[in-house]
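Structure, as structure tokens:
In this text, all values refer to a predicted model and were calculated from it rather than measured experimentally.
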Amino acid sequence: MSVQQLQDGIEAPKQFSVFQLPVHLCDDYPRWLRSRLLQDCGTHVVTLNAEMAMQAESNPPLAAAIAQADLVIPDGVGVVFYLRLRQQFQRRCPGIELAASLLEIAGEEGEDYPIAFYGGAPGVAEQAACHWRDRFPSLSMMSSHGYLSDSEQANFQAQLQEKQPKLILVGLGVPRQEYWIAENRALCPKAIWIGVGGSLDIWAGVKSRAPRWLRENNLEWFYRLYKEPWRWRRMLALPHFAWRSLVG
């Protein structure tokens with residue numbers, strides 16, 4: 001499929017407001033981003049959920065990073081719930097699935113679409129890269145963990161600038177990954193940048209994703225809490241978000 005064919009019939013996502021944060025509504029996010037990838041259109045993607053939205057209310061730098069993003073997708077069921085209450089029937093788009101679809105596209109295109117993974121504990125990004133290279137041996141990939149010293153950070157940034165990957169996935173957690181992308185986008189202005197949270201851990205085999213039946217019933221958050229009970233304080237944002245959605 002040519003770039004012109006991709007352009008034809010693809011509407012730009014329309015924007016809707018969720019607690020003064022932008023959310024972009026689209027029937028096919030992977031297809032729209034594929035057109036951006038093939039056209040070398042730099043794009044910062046934010047995967048918004050209820051927890052992030054609540055955090056942004058008391059964190060102006062995070063809110064600013066989200067507002068400046070080119071595409072904000074409804075990653076969490078809470079955001080989809082908010083939209084439906086306002087007659088916006090948008091399907092949830094899990095960030096890990098969106099990122100995977102772009103990796104598959106890049107894998108089919110081969111070395112012309114180099115990839116960068118950044119984040120996670122030492123070894124995680126490298127293992128995640130191996131997982132995808134096993135699936136697509138022609139992929140050109142670079143990776144680094146998220147615990148770099150200042151000098152190592154500068155070296156990694158220089159590598160990004162030199163190699164100009166087309167897809168850069170950053171797994172530093174919220175809000176670090178959003179800050180880091182906003183600060184470093186200029187290094188690779190034609191790349192698609194996505195904050196992917198714990199996706200690198202899942203691809204590396206360090207953590208597991210919720211079973212499909214839980215995901216399909218919007219209970220992935222419950223599985224995360226079961227596997228990582230220390231998250232309970234963060235999960236308190238969910239009922240708060242739901243209540244605000246109903247009365248706001």
Side-chain angles (χ1 to χ4, degrees), residues 29-30 33-34 36-38 40 42-47 73 75 93-174 176-181 184-185 187-188 190-212 214-215 220 223-224 226-228 231:
Y29 295 106
L33 281 174
R34 181 184 184 188
R36 304 277 290 185
L37 184 69
L38 297 182
D40 290 332
T43 307
H44 175 195
V45 182
V46 168
T47 60
I73 66 171
D75 176 88
C93 180
I96 187 172
E97 295 176 11
L98 179 65
S101 69
L102 293 177
L103 285 164
E104 289 167 357
I105 291 167
E108 292 165 0
E109 298 293 336
E111 293 185 2
D112 290 338
Y113 289 83
I115 312 297
F117 286 175
Y118 174 53
V124 166
E126 293 79 2
Q127 291 175 47
C130 287
H131 165 80
W132 282 100
R133 200 179 291 112
D134 286 344
R135 289 189 59 187
F136 299 100
S138 63
L139 269 182
S140 173
M141 303 190 73
M142 59 181 291
S143 59
S144 173
H145 64 79
Y147 293 84
L148 302 179
S149 66
D150 290 344
S151 61
E152 290 170 335
Q153 177 80 225
N155 183 57
F156 181 66
Q157 291 167 323
Q159 290 180 46
L160 286 175
Q161 195 162 28
E162 176 188 353
K163 297 185 178 180
Q164 291 297 307
K166 297 292 186 71
L167 177 61
I168 303 172
L169 304 183
V170 182
L172 297 175
V174 179
R176 280 185 63 208
Q177 62 194 22
E178 282 67 39
Y179 296 160
W180 196 86
I181 292 173
N184 289 281
R185 276 190 69 184
L187 297 174
C188 304
K190 296 179 179 181
I192 292 179
W193 302 69
I194 309 179
V196 294
S199 299
L200 300 181
D201 291 298
I202 292 172
W203 293 330
V206 175
K207 295 181 181 178
S208 60
R209 197 176 175 200
R212 180 178 295 276
L214 283 175
R215 302 200 303 264
E220 194 163 6
Y223 183 79
R224 269 197 221 118
Y226 165 70
K227 298 293 285 187
E228 300 173 333
R231 284 179 172 268

Is any side-chain heavy atom of Val170 closer than 4.5 Å to one of Asn184?
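No, side chains not in contact.
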State, with a plain yes or no, whether a side-chain heavy atom of Gln153 is found less than 4.5 Å away from one of Trp180.
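They are in side-chain contact.
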Non-hydrogen atoms of [X] and [Y] that approach each other most closely:
X      : Y      : value
Ile73  : Gly95  : CD1-CA, 4.3 Å
Pro94  : Arg209 : CB-NH2, 3.6 Å
Met142 : Lys163 : SD-CD, 3.9 Å
Val124 : Ala204 : O-CB, 3.5 Å
Thr43  : Arg185 : N-NH2, 3.8 Å
Phe117 : Ala125 : CD1-O, 3.8 Å

Pairing residues for Arg36 by the salt bridge (Lys or Arg N to Asp or Glu O under 4.0 Å) criterion, not counting sequence neighbours
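Salt bridge (Lys or Arg N to Asp or Glu O under 4.0 Å) check on Arg36 returns nothing, list empty.
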Test side-chain contact (heavy atoms from CB on, under 4.5 Å) on Val174 and Gln177 and set out the steps.
CA-CA 6 Å; Val174 179; Gln177 62 194 22; 3.9 Å; yes
side-chain contact (heavy atoms from CB on, under 4.5 Å), that's the test. Do Cys188 and Trp193 meet it? Break it down for me.
CA-CA 9 Å; Cys188 304; Trp193 302 69; 3.8 Å; yes
Verify side-chain contact (heavy atoms from CB on, under 4.5 Å) between Trp203 and Leu169, making sure each step is shown before the conclusion.
CA-CA 12 Å; Trp203 293 330; Leu169 304 183; 3.9 Å; yes
Spatial distance of atom [atom1] ([X]) from atom [atom2] ([Y]) [nearest 0.5 Å]:
X      : Y      : atom1 : atom2 : answer
Ile96  : Thr47  : CD1   : OG1   : 10.5 Å
Leu172 : His145 : CG    : NE2   : 11.5 Å
Ile168 : Leu187 : CD1   : CG    : 8.0 Å
Asp40  : Tyr113 : CG    : OH    : 6.5 Å
Ile105 : Leu37  : CD1   : CG    : 6.5 Å
Ile115 : Arg133 : CD1   : CZ    : 10.5 Å

What residues, two or more places apart in sequence or in another chain, satisfy ring pair (Phe, Tyr, Trp, His ring centres under 6.0 Å) together with Phe156?
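Only Tyr118 meet the ring pair (Phe, Tyr, Trp, His ring centres under 6.0 Å) criterion with Phe156.
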Let me see the working for Gln157 and Gln161 under side-chain contact (heavy atoms from CB on, under 4.5 Å), right down to the final yes or no.
CA-CA 6 Å; Gln157 291 167 323; Gln161 195 162 28; over 6 Å; no
Taking atom CG as the centre, does Asp134 end up with more than 12 heavy-atom neighbours from other residues, nucleotides or ligands that are less than 6.0 angstrom away?
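Count over threshold, so yes.
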